[in-house]
Amino acid sequence: VQLQAYGGGLVQAGGFLKLSCLASGRGFRTYGLAWFRQAPGKEREFVAAITATGVSTVYVDSVKDRFTIARDNTKNSGYLQMNSLKPEDTAVYFCAARTLPLPSRDPKAYVYWGQGTLVTVSS
């Protein structure tokens, strides 16, 4: 499975962006999917994850009620809707997939990674 993340850009604080993750290859619909981010000089951080079926989701506390993770298995795609963006959300965002259907906060649990898309939030 290959993942391609896109949709990043420059936005003012309080604005919104929607990231997309397009998967190619077999198996996507059976894989747990997640978004991670990495700010300059910081470690990669878990943001959100969703089960293979899309029924259950989990978020890091700092994005709860602002971000929404979703997926459309008919389109081999995952999404991260980001609202009420803050300067501290500035980072490169990565989508990742694991070969188990359940989500995980641990980046080591994910086998497939997209190339990352930069989100910059100006104050």
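Along the sequence shown, residues carry numbers from 1.
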Item to check | Charged tip of Arg71 within 45° of Phe28 ring normal and under 6.0 Å | outcome: yes
Next on the checklist: Under the disulfide (SG to SG under 2.5 Å) definition, can you give me all pairs with a residue in residues 58-123, not counting sequence neighbours?
Outcome noted: Cys21-Cys95
Item to check | Cluster check Val121, Leu118: I/L/V/M/F/W/Y, side chain < 4.5 angstrom | outcome: yes
Next on the checklist: If the threshold is 4.0 Å, N to carboxylate O, is there a salt bridge linking Asp61 and Lys64?
Outcome noted: yes
Next on the checklist: Before you tell me yes or no, could you show the steps for Tyr79 and Thr68 under side-chain contact (heavy atoms from CB on, under 4.5 Å), namely the whole-Å CA-CA distance, both residues' side-chain angles and the distance that decides it to 0.1 Å?
Outcome noted: CA-CA 8 Å; Tyr79 308 97; Thr68 302; over 6 Å; no
Item to check | same_hphob_cluster(Trp113, Leu19) at 4.5 Å side-chain heavy-atom cutoff | outcome: yes
Next on the checklist: Tell me if a side-chain donor or acceptor on Thr51 pairs with a main-chain N or O of Ser56 at a distance below 3.5 Å.
Outcome noted: yes
Checklist entry - What residue among Ile69, Asp89, Leu80 forms side chain to side chain contact (heavy atoms under 4.5 Å, CB included) with Val47? => result Leu80
Next on the checklist: Let me check something: do Tyr31 and Leu100 share a hydrophobic cluster, defined by ILVMFWY side-chain heavy atoms less than 4.5 Å apart, either directly or through other members?
Outcome noted: no
Item to check | Path from Val60 to Ile50 over hydrophobic side-chain contacts below 4.5 Å | outcome: yes
Item to check | Any donor-acceptor N or O pair under 3.5 Å, side chains Arg98, Tyr110 | outcome: no
Checklist entry - Does the ring centre of Trp35 sit less than 6.0 Å away from the ring centre of Phe46? => result no
Checklist entry - Between Leu3 and Leu22, is there a shared hydrophobic cluster once you connect ILVMFWY residues whose side-chain heavy atoms come closer than 4.5 Å? => result no
Next on the checklist: Let me confirm one number: the CD-OG distance from Gln2 to Ser24, rounded to the nearest 0.5 Å.
Outcome noted: 4.5 Å
Checklist entry - Can a donor-acceptor pair be found between the side chains of Thr74 and Asp72 at a distance below 3.5 Å? => result yes
Item to check | CZ on Arg29 to NZ on Lys75, rounded to 0.5 Å | outcome: 13.5 Å
Checklist entry - For atom CZ of Arg105, is the number of surrounding heavy atoms from other residues, nucleotides or ligands below 6.0 Å larger than 12? => result yes
